[in-house]
Amino acid sequence: MPMQPWFRDAKLGIFVHYGIYAVDGVPESWSFYTGEVPHDRYMRQLDGFTAARYEPRAWARLFARAGAKYAVLTARHHDGVALWDSAHGDLDVVRNTPAGRDLIGPYTEALREEGLKVGLYYSHSDWNHPDYASTVHPQPPDEELRTNPYTSARPGHEDPAAWARYLGYRDGQVGELVDRFRPDLLWFDGEWERSEEQWRMRELAELILAGNPDTVLNARMLSHGDYATPEQGVPLQAPDGPWELCLTVNDSWGFQHGDEHHKSVRQLVRYFTETIGMGGNLLLDVGPREDGTITPAQTARLEGLGAWIARHAEAVYGTVAGLPAGHHYGPSTLSADRRTLYLVCFDPPRESVSVRGLRTPVKRVTVLGTGAELGHDVIGGLDDVPGVTWIDAPGAADVDERATVLAVELDGELDVYRGVGRD
């Protein structure tokens, strides 16, 4: 299936890691897998998960204010605790926690009311399912995976029948998500624990697309994924095809009481513009408390990023990747007609802003958000090698405190020189 056009132009999505791990504020699923927390203590968090102040409409309004066009909620993480009333398996927040209700349906309704696309996260793996550790990866990527009792069968104890039952359980749950909630995007995880053949990825993709052929699938569907999902660091070279950067607002995916190491709004603007300047989306993660509320610190950062995006929407939505590295000291985007270049300046320019290798003549330069017009000039150049385009620095009143954007209107479609210069 061709990639859904909404995804490439979404630019910003919100990732939500919400589950029982927020009760004690421990790393989601991993804390018992690694032995950081005893398994029985981890599972006792079921008794404290209330979702007492869970208001998905408030989430959706916040995500819209942030400038996001989609969100992805952890419907089921590696711990196997489903956030909906599943007929497959016996571990979900409806039957096993004081929350006592489906959390996915209200989330999908709230997002759609705000015009946002609905994404659901689902882990291929389930470290609590009795049939999961019944086989082992044919070429385990590390010793931990091969020996961890939550993931792999002991040598000589593989059980193909149990593994088949597990796949039936997984397919049943994914089928429920597709049929009941019709997500626009399914964000899978855990794929490293088995081979593509063991996962029966082709059959899973066919099941999903038969129920909703427009569903976008991430790369953790392996050869059946639609886009790449690097995590926690802007790639120096953009992945081939569509992609998104998964990034936490602080250092944790889910809520952790002691994690106050939040990125500033200015830093988030930098991550965001560097990502869209390379043609990707930013999937920015927050971790609600167990009661369903998003912390003031994370709320403030989403709203701060959204305020910046609102002032510079022209440089965000309806654009494609901008100049290759080396042409401008900062990221840039390009209008869909390739006739307006948007230069992002993180620091206030002191004298001028330069663009190297620009062949297309410049008609006009303005400061996005204020409309102030800036002078520009081309200096140098020889034969096919263009000179440097120098743009006058904006005045102090036209400088944005987080990042200033200059709109460079071109006399034709963007054309840049990428050669080595004249000998």
Report task. Evaluate the side-chain proximity of Leu12 to Phe272: yes if any heavy-atom separation is below 4.5 Å, no if none is. Result -> yes
Query - Expected output: side-chain Thr333 to main-chain Thr319 donor-acceptor under 3.5 Å - result: no
Requested in this report: Taking all heavy atoms of Ile309 and all of Ala66, pick out the closest pair and write down the distance.
Outcome: CD1-O, 3.5 Å
Query raised in the report: Measuring from Leu302:CG to Leu268:CG, what's the distance to the nearest 0.5 Å?
Result: 8.0 Å
Report task. Give the intermediate values and the outcome of side-chain hydrogen bond (donor to acceptor under 3.5 Å, both in side chains) for residues Trp253 and Gln232. Result -> CA-CA 10 Å; Trp253 296 103; Gln232 294 290 56; 5.9 Å; no
Query - No-hydrogen, no-angle side-chain donor-acceptor test under 3.5 Å, Thr293 and Arg289 - result: yes
Query raised in the report: How long is the gap from OG on Ser125 to CG on Leu145, to the nearest 0.5 Å?
Result: 9.5 Å
Query raised in the report: Are the side chain of Arg101 and the backbone of Ala51 linked by a donor-acceptor contact shorter than 3.5 Å?
Result: yes
Report task. Step through the shown structure and confirm whether more than 12 heavy atoms of other residues, nucleotides or ligands are within 6.0 Å of CZ on Arg57. Result -> no
Report task. Over 60° means perpendicular and under 30° means parallel, so classify the ring planes of Trp192 and His78, tilted if in between. Result -> perpendicular
**Report entry** Asp259 (side chain) donor-acceptor with Ser252 (main chain) under 3.5 angstrom
**Finding:** yes
**Report entry** Tyr417 (side chain) donor-acceptor with Gly421 (main chain) under 3.5 angstrom
**Finding:** yes
Requested in this report: Scan Val72, Asn218, Thr215 and name whichever one has a side chain to side chain contact (heavy atoms under 4.5 Å, CB included) with Leu186.
Outcome: Thr215
Query - Main-chain N/O of Val136 paired to Arg146 side chain as donor or acceptor, under 3.5 Å - result: no
Query raised in the report: Do Gln45 and Val26 come close enough that some side-chain heavy atom pair is under 4.5 Å?
Result: yes
Query raised in the report: Quick one: CZ on Arg200 to CD on Glu206, what's the gap to the nearest 0.5 Å?
Result: 10.0 Å
Report summary line: Sorted by chain and number, sequence neighbours left out, side-chain hydrogen bond (donor to acceptor under 3.5 Å, both in side chains) with Glu413 holds for none
Query raised in the report: Are any of the side-chain heavy atoms of Pro230 and Trp243 separated by less than 4.5 Å?
Result: yes
Query raised in the report: Measuring from Glu114:CD to Glu109:CD, what's the distance to the nearest 0.5 Å?
Result: 13.5 Å
Report task. Taking all heavy atoms of Trp187 and all of Cys246, pick out the closest pair and write down the distance. Result -> CZ2-SG, 3.4 Å
Requested in this report: Any salt bridge (Lys or Arg N to Asp or Glu O under 4.0 Å) involving residues 307-321? Give me the pairs, sequence neighbours left out, ordered by first then second residue.
Outcome: Arg311-Asp400
Report task. Report yes if some heavy atom in the side chain of Cys345 is under 4.5 Å from a heavy atom in the side chain of Val353; otherwise report no. Result -> yes
**Report entry** Over all atoms of both residues, closest heavy-atom pair of Phe63 and Ala71
**Finding:** CD1-CB, 3.9 Å
Requested in this report: State, yes or no, whether a side-chain contact exists between Gln4 and Tyr227 at a heavy-atom distance under 4.5 Å.
Outcome: no
Query raised in the report: From Trp59 CH2 over to Thr299 OG1, what is the distance, rounded to the nearest 0.5 angstrom?
Result: 11.0 Å
**Report entry** Whether Asn281 side chain and Phe7 backbone form a donor-acceptor pair below 3.5 Å
**Finding:** yes
**Report entry** Minimum heavy-atom distance Ala300-Val265, with the two atoms named
**Finding:** O-CG2, 4.3 Å
Query raised in the report: Roughly how far, to the nearest 0.5 Å, is OG of Ser264 from CZ of Arg402?
Result: 8.0 Å
Requested in this report: State, yes or no, whether a side-chain contact exists between Asp131 and Asp159 at a heavy-atom distance under 4.5 Å.
Outcome: no
Query raised in the report: Asp40 and Arg44: salt bridge (Lys or Arg N to Asp or Glu O under 4.0 Å), yes or no, with the steps?
Result: CA-CA 6 Å; Asp40 60 345; Arg44 281 200 299 271; 3.7 Å; yes
Listed pairs under 3.5 Å, donor-acceptor, residues 85-95 side chains, sequence neighbours left out:
from: Ser86; atom 1: OG; to: His88; atom 2: N; distance (Å): 3.0
from: Ser86; atom 1: OG; to: His88; atom 2: O; distance (Å): 3.1
from: Ser86; atom 1: OG; to: Gln173; atom 2: NE2; distance (Å): 3.2
from: Ser86; atom 1: OG; to: Glu176; atom 2: OE1; distance (Å): 2.7
from: Asp92; atom 1: OD1; to: Val94; atom 2: N; distance (Å): 2.9
from: Asp92; atom 1: OD1; to: Arg95; atom 2: N; distance (Å): 2.8
from: Asp92; atom 1: OD2; to: Arg95; atom 2: NE; distance (Å): 3.0
from: Asp92; atom 1: OD2; to: Arg95; atom 2: NH2; distance (Å): 2.7
from: Arg95; atom 1: NH2; to: Ser86; atom 2: O; distance (Å): 3.0
from: Arg95; atom 1: NH2; to: Gly89; atom 2: O; distance (Å): 3.1

Report task. Looking only at non-hydrogen atoms, find the nearest pair between Glu28 and His17 and report the distance. Result -> CG-CD2, 4.1 Å
Query raised in the report: Between the side chain of Thr360 and the main-chain N/O of Asp415, is any donor-acceptor distance below 3.5 Å?
Result: yes
Query raised in the report: At their closest point, which heavy atom of Thr340 faces which heavy atom of Leu334, and how far apart are they?
Result: O-CD1, 3.3 Å
Requested in this report: Not counting sequence neighbours, which residues clear side-chain hydrogen bond (donor to acceptor under 3.5 Å, both in side chains) with Glu158? List them please.
Outcome: none
Query raised in the report: Are the side chain of Asp142 and the backbone of Glu144 linked by a donor-acceptor contact shorter than 3.5 Å?
Result: yes
Query raised in the report: If only atom types and distance count, is the side chain of Arg301 paired as donor or acceptor with the main-chain N or O of Ala297 below 3.5 Å?
Result: yes
Query raised in the report: Picking from Tyr150, Tyr42, Tyr33, what satisfies ring-ring contact (aromatic ring centres under 6.0 Å, His included) with Trp127?
Result: Tyr33
Query raised in the report: Can we say Glu231 and Arg220 salt-bridge, meaning some charged N sits less than 4.0 Å from an Asp/Glu carboxylate O?
Result: yes
Requested in this report: Determine which pairs satisfy ring pair (Phe, Tyr, Trp, His ring centres under 6.0 Å) with at least one residue from residues 312-347, sequence neighbours left out, and list them in order.
Outcome: Trp308-His312
Report task. List in chain and number order the residues that pass side-chain hydrogen bond (donor to acceptor under 3.5 Å, both in side chains) with His124, two or more places apart in sequence or in another chain; answer none if no residue qualifies. Result -> none
**Report entry** Sole candidate of Tyr54, Tyr21, Tyr18 that passes ring-ring contact (aromatic ring centres under 6.0 Å, His included) when paired with Phe49
**Finding:** Tyr18
**Report entry** Any side-chain heavy-atom pair of Asp285 and Val249 under 4.5 Å
**Finding:** no
**Report entry** Candidate list Ile276, Thr273, Ile14, Leu247, test side chain to side chain contact (heavy atoms under 4.5 Å, CB included), partner Leu282, passing option
**Finding:** Leu247
Query raised in the report: Is it true that Lys363 and Glu409 have a side-chain N and a carboxylate O under 4.0 angstrom from each other?
Result: no
Requested in this report: Would you check if the side chain of His157 reaches a backbone N or O of Pro155 as a donor-acceptor pair within less than 3.5 Å?
Outcome: yes
